[in-house]
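I have placed the structure first, in the form of structure tokens, so that the comments after it can refer back to it.
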Amino acid sequence: MTLNNCSSEPTVKAYLFKLAHELAYSDAEIRAGLEYADRASRRSHPLGEWDNAGRFYALERTLSVTTCRSPSKAWPYSQMVAARTAAHCAEVYKADNATHVGRIGRAYNKLLAGEDKDALRRLLKKGIRKREAELARAPRR
């Protein structure tokens with residue numbers, strides 16, 4: 001599958017899924033990476049509630065959200081910022097590695113921006129040899 005100068009989101013997602021699977025990324029990491037990219041670029045927003053003072057409280061209670069500072073008058077968006085991180089998205093989607101989630105997110109944004117596919121492959125190949133070795137050693141279910 002190639003992009004052929006098409007930058008529609010479904011085409012880009014399909015291409016990224018195929019490429020990431022070839023490079024030993026898990027489905028959870030890919031889905032979390034896509035969500036991370038959307039949240040980081042404000043194409044989607046974390047679930048949460050606002051109080052009367054304008055403070056945001058995230059509904060997804062992950063470690064990233066619970067360990068950040070509590071929303072206050074001075075820092076009303078602290079939980080929103082925490083809910084836009086790769087670590088939070090990895091936790092929500094039960095992905096093993098937040099670094100891989102971040103790489104998928106950066107790759108997705110680069111694909112949408114029309115960046116070179118070779119640069120994208122180089123970005124996604126970082127740390128993959130170790131990952132492939134771990135998968136080969138892991139007992140099969």
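Starting from 1, each residue takes its place in the sequence as its number. What you see below is based on every heavy atom in this structure, not just the backbone, and it leaves out hydrogens, waters and symmetry mates.
The pair Glu60-Arg39 meets the salt-bridge criterion, since a charged nitrogen lies less than 4.0 angstrom from a carboxylate oxygen. Of the charged side-chain nitrogens involved, none lies within less than 4.0 Å of a carboxylate oxygen, so that Lys94 and Glu29 do not count as a salt-bridged pair.
Side-chain contact between Leu34 and Leu16 is present, with at least one heavy-atom pair separated by less than 4.5 Å. Using a 4.5 Å cut-off on side-chain heavy atoms (C-beta onward), Pro71 and Ser78 make contact. Under the 4.5 Å side-chain criterion, counting only non-hydrogen atoms from C-beta, Val12 is not in contact with Glu9.
Contact record, Ala83 with Pro46: CB-CB, 3.5 Å, taken as the closest heavy-atom pair. When all heavy atoms of Cys89 and Ala32 are compared, the pair lying nearest together is O-CB, 3.5 Å. Listed here is the closest heavy atom pair of Ser64 and Ala82: O-CB, 3.7 Å.
Note: the hydrophobic cluster containing Phe56 does not contain Val92 (ILVMFWY, side chain heavy atoms under 4.5 Å, direct or indirect links). Criterion: ILVMFWY side-chain heavy atoms under 4.5 Å apart, direct or through other members. Under it, Tyr36 and Phe17 are not part of a common hydrophobic cluster. A chain of hydrophobic side-chain contacts below 4.5 Å, direct or via other Ile, Leu, Val, Met, Phe, Trp or Tyr residues, connects Tyr15 to Leu124. Both Tyr25 and Leu19 belong to a single network of hydrophobic side chains, linked directly or stepwise wherever heavy atoms of I, L, V, M, F, W or Y lie under 4.5 Å apart.
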Under the side-chain contact (heavy atoms from CB on, under 4.5 Å) rule, what do His21 and Asp27 come out as? Steps first, then yes or no, please.
-> CA-CA 8 Å; His21 273 290; Asp27 280 343; 2.6 Å; yes
Go through Arg31 and Ile104 one step at a time and tell me if the side-chain contact (heavy atoms from CB on, under 4.5 Å) criterion holds.
-> CA-CA 9 Å; Arg31 292 186 196 291; Ile104 292 287; over 6 Å; no
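With no hydrogens or angles considered, no side-chain donor-acceptor pair links Tyr108 and Glu35 at under 3.5 Å. Between the side chains of Gln79 and Arg61, a donor-acceptor pair is found at a separation under 3.5 Å. No hydrogens or angles considered: nothing links the side chains of Asp38 and His45 as a donor-acceptor pair under 3.5 Å. Neither side chain, Asn97 nor Arg103, offers a donor N or O lying under 3.5 Å from an acceptor on the other.
Note that CG of Leu123 is 10.0 Å distant from CG of Leu111, once rounded to the nearest 0.5 Å. Between the NZ atom of Lys13 and the CD1 atom of Ile30 there is a distance of 12.5 Å, given to the nearest 0.5 Å. The structure places NZ of Lys126 at 15.0 Å from CZ of Arg121, a figure rounded to the nearest 0.5 Å. One distance of note links OG of Ser70 with OH of Tyr57; it measures 7.0 Å at 0.5 Å rounding. A distance of 5.0 Å separates CG of Asn109 from OG of Ser41, quoted to the nearest 0.5 Å. Atoms NZ and CG, from Lys125 and Leu120 in turn, are 12.0 Å apart once rounded to the nearest 0.5 Å.
Within 6.0 Å of the CH2 atom in Trp50, the count of heavy atoms belonging to other residues, nucleotides or ligands exceeds 12.
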